[in-house]
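The structure appears below as structure tokens.
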Amino acid sequence: MSQMSNYNIHRSEKLFELSKKHIPGGVNSPVRAFNSVGGTPVFIERAKGAFLYDVDGNKYIDLINSWGPMILGHAHPEVIAAITEQAQHSFTYGTPTESELRIAELICKMVPELEMVRMVNSGTEACMSAVRLARGFTGRNKIIKFAGCYHGHYDSFLVEAGSGALTLGNPNSPGVTKATAADTLIAEYNDLESVQKLFEKYDDIAALIIEPVAGNMGCILPEDGFLEGLKKLCQKHGSLFILDEVMTGFRLAKGGAQEKFNINADIICFGKIIGGGLPVGAFGGRNEIFNHLSPLGPVYQAGTLSGNPIAMASGFITLSLLMENPEIYNKIEQTTQILHQNIHTILEERKIPHHINSIGSMISVFFTNEKVINYKTAKTTDVLTFKRLFHYGLENGVYFPPSAFETWFISKEIGTPEIEQILDVFRKF
Ligand SMILES: *Cc1c(COP(=O)(O)O)cnc(C)c1O
């Protein structure tokens, strides 16, 4: 079953050394460098279904799924066909296309109360543009974000940020001006009072942005009434309520967290699954707000490759498959629950302190005695134990995200044998 005895990554080691010469840190996105878990990042050559294959011939069950997009598993035949077909007709025109219309229609059908959607090229762009639109719409400057939440690498968000910024110990990035940082107000996740205090103190708040399920400090669920409470506070103070569904969109349900929790935001941000593995983001909401976006209104936003036909083809088929096959959501949710319950039992038997959070197809195992409900409690996780798990996983064919503060994603391709192999890693690490 496992590859251990002759496990080696000699070719990855060589490629990483060479990469470091011309690519900062050898990677194009920081967490990939393995800095927080140590060791050499594994170079992947190809992937199919539930599995990644590296350049040394090792095979891994994929629990990263490219950090979210690959919910259908890798190299899905219908997605390949859609991309290939579009490629025959060239890759980009810089004009309107019917494929943009079709995906916009589909997204508005899948996501509750969505009237208009603008495509961009990444989750960062989606969140950045959402905040600009909120500022333009309200004529106010400040935003509220939550400690440990990640909304991409736009300056305004690199204040107490999660994801790689948290993993690498720089939640506040140099290069962000004091003025920009001063316009970002920080609240505590699952703490309505911390938000209320900010609204009482400042009257210049354009918007509040939140991950409806936090996924970038590990997976953290909103407590009952938290999201509703935030929405009420925003309404009361005339601020916009922005849901960053870059991770949760099309993952928790076809309509994302809005459907799952029956809550509506003023602006919703998408990324990851929406492109089916190609670089896509989007932000959407009501006409009343989106009438302010260029070319309808004065808030400027643009993109040479936005709505790119190949990306639209990949996104459209991925979303269509999710829409037409709702049983996919049941399956990945079930897989996640089986993992949750069994990992809990295994760690309990071995008296390893742990707290597991999961919802839909998102799961995190924190090695701590605390109940993990926010940034502070997330940080109590024992990073050394995670490192041991991570490396034991690699050596035994399971690829966990290389950080104690990232959510693991379950794709539809993970079945019973894969679950067993993952559990075996927990039994033995
Ligand atoms: C990944 C992520 C982003 C950033 O998306 P990119 O495509 O990496 O720019 C923003 N918000 C959340 C919640 C994310 O998980």
Side-chain angles (χ1 to χ4, degrees), residues 27-32 63-71 118-132 134 143-168 171 173 184 189 207-222 227 241-252 256-258 260-261 265 267-284 301 303 305-306 308 311 314-315 318 357 359-364 375 378 401-403 405-409:
V27 292
N28 282 312
S29 196
V31 180
R32 296 180 199 167
L63 292 178
I64 306 184
N65 284 287
S66 192
W67 307 91
M70 308 311 285
I71 190 168
R118 168 66 58 82
M119 306 305 294
V120 293
N121 304 291
S122 68
T124 297
E125 258 190 87
C127 297
M128 169 185 92
S129 309
V131 163
R132 183 185 306 133
I143 59 166
I144 296 178
K145 82 174 272 291
F146 292 82
C149 276
Y150 182 69
H151 307 291
H153 63 91
Y154 178 45
D155 286 7
S156 296
F157 302 136
L158 293 180
V159 183
E160 300 294 335
S163 189
L166 167 58
T167 302
L168 303 176
S173 174
T184 300
Y189 206 85
L208 175 149
I209 184 167
I210 188 164
E211 296 176 63
V213 170
N216 286 290
M217 45 181 162
C219 175
I220 296 179
L221 276 60
L227 296 173
F241 181 48
I242 305 177
L243 279 186
D244 177 356
E245 292 229 47
V246 170
M247 190 180 279
T248 52
F250 314 103
R251 177 167 287 282
L252 293 183
Q258 288 205 115
K260 187 101 179 163
F261 300 123
I267 304 180
I268 308 125
C269 306
F270 299 106
K272 303 197 166 118
I273 291 175
I274 204 171
L278 271 77
V280 182
F283 62 117
Q301 189 278 325
L305 293 176
S306 294
N308 171 276
S314 164
T318 300
N357 286 333
I359 183 168
S361 52
M362 299 166 63
I363 179 168
S364 280
Y375 184 55
S403 161
F405 302 103
E406 298 285 357
T407 299
W408 311 347
F409 298 109

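Atoms considered below: every heavy atom in the structure, side chains included; atoms not considered: hydrogens, waters and symmetry mates. Atoms within a ligand are numbered from 1 in the order they appear, just like the ligands themselves. Nothing fancy with the numbering, it's 1 onward along the sequence.
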Qualifying residues under side chain to side chain contact (heavy atoms under 4.5 Å, CB included), relative to Ser66, sequence neighbours excluded:
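If we apply the side chain to side chain contact (heavy atoms under 4.5 Å, CB included) test to Ser66, skipping adjacent residues, the hits are Pro69, Met70.
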Per-atom contacts of ligand 1 with [X], taking only distances under 4.0 Å to non-hydrogen atoms:
{"X": "Ser122", "result": "7 (O), 9 (O)"}
{"X": "His151", "result": "10 (C), 11 (N)"}
{"X": "Met247", "result": "15 (O)"}

Going by distance only, is there an N or O of Asp244 that falls short of 3.5 Å from an N or O of ligand 1?
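The answer is yes, given that Asp244 and ligand 1 share an N or O pair closer than 3.5 Å.
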Any N or O of Gly123 that comes nearer than 3.5 Å to an N or O of ligand 1?
yes
Carefully, step by step, assess Cys127 and Ile209 under the rule side-chain contact (heavy atoms from CB on, under 4.5 Å).
CA-CA 9 Å; Cys127 297; Ile209 184 167; 4.2 Å; yes
Which heavy atom of [X] sits nearest to which heavy atom of [Y], and what is that distance?
{"X": "Leu243", "Y": "Ala265", "value": "CG-CB, 3.6 Å"}
{"X": "Ala134", "Y": "Ile242", "value": "CB-CD1, 4.2 Å"}
{"X": "Thr407", "Y": "Pro401", "value": "O-CG, 3.6 Å"}

Steps toward side-chain hydrogen bond (donor to acceptor under 3.5 Å, both in side chains) verdict (Gln301, Arg132):
CA-CA 9 Å; Gln301 189 278 325; Arg132 183 185 306 133; over 6 Å; no
Which protein heavy atom lies closest to atom 3 (C) of ligand 1, and at what distance to 0.1 Å?
Val246 CG1, 3.7 Å
Quick test: of every protein heavy atom, which one is nearest to atom 9 (O) of ligand 1, and how far off is it to 0.1 Å?
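Its nearest protein heavy-atom neighbour is Thr124 OG1, 2.5 Å.
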Contact partition for Glu211 relative to ligand 1, non-hydrogen atoms under 4.0 Å
side chain
Can you tell me how the ring of Tyr189 sits relative to the ring of Phe146, calling it parallel under 30°, perpendicular over 60° and tilted otherwise?
perpendicular
Nearest candidate to atom 1 (C) of ligand 1, where distance is taken over non-hydrogen atoms, out of Met128, Lys272, Glu245
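Ranked by closest heavy atom to atom 1 (C) of ligand 1, first place is Lys272.
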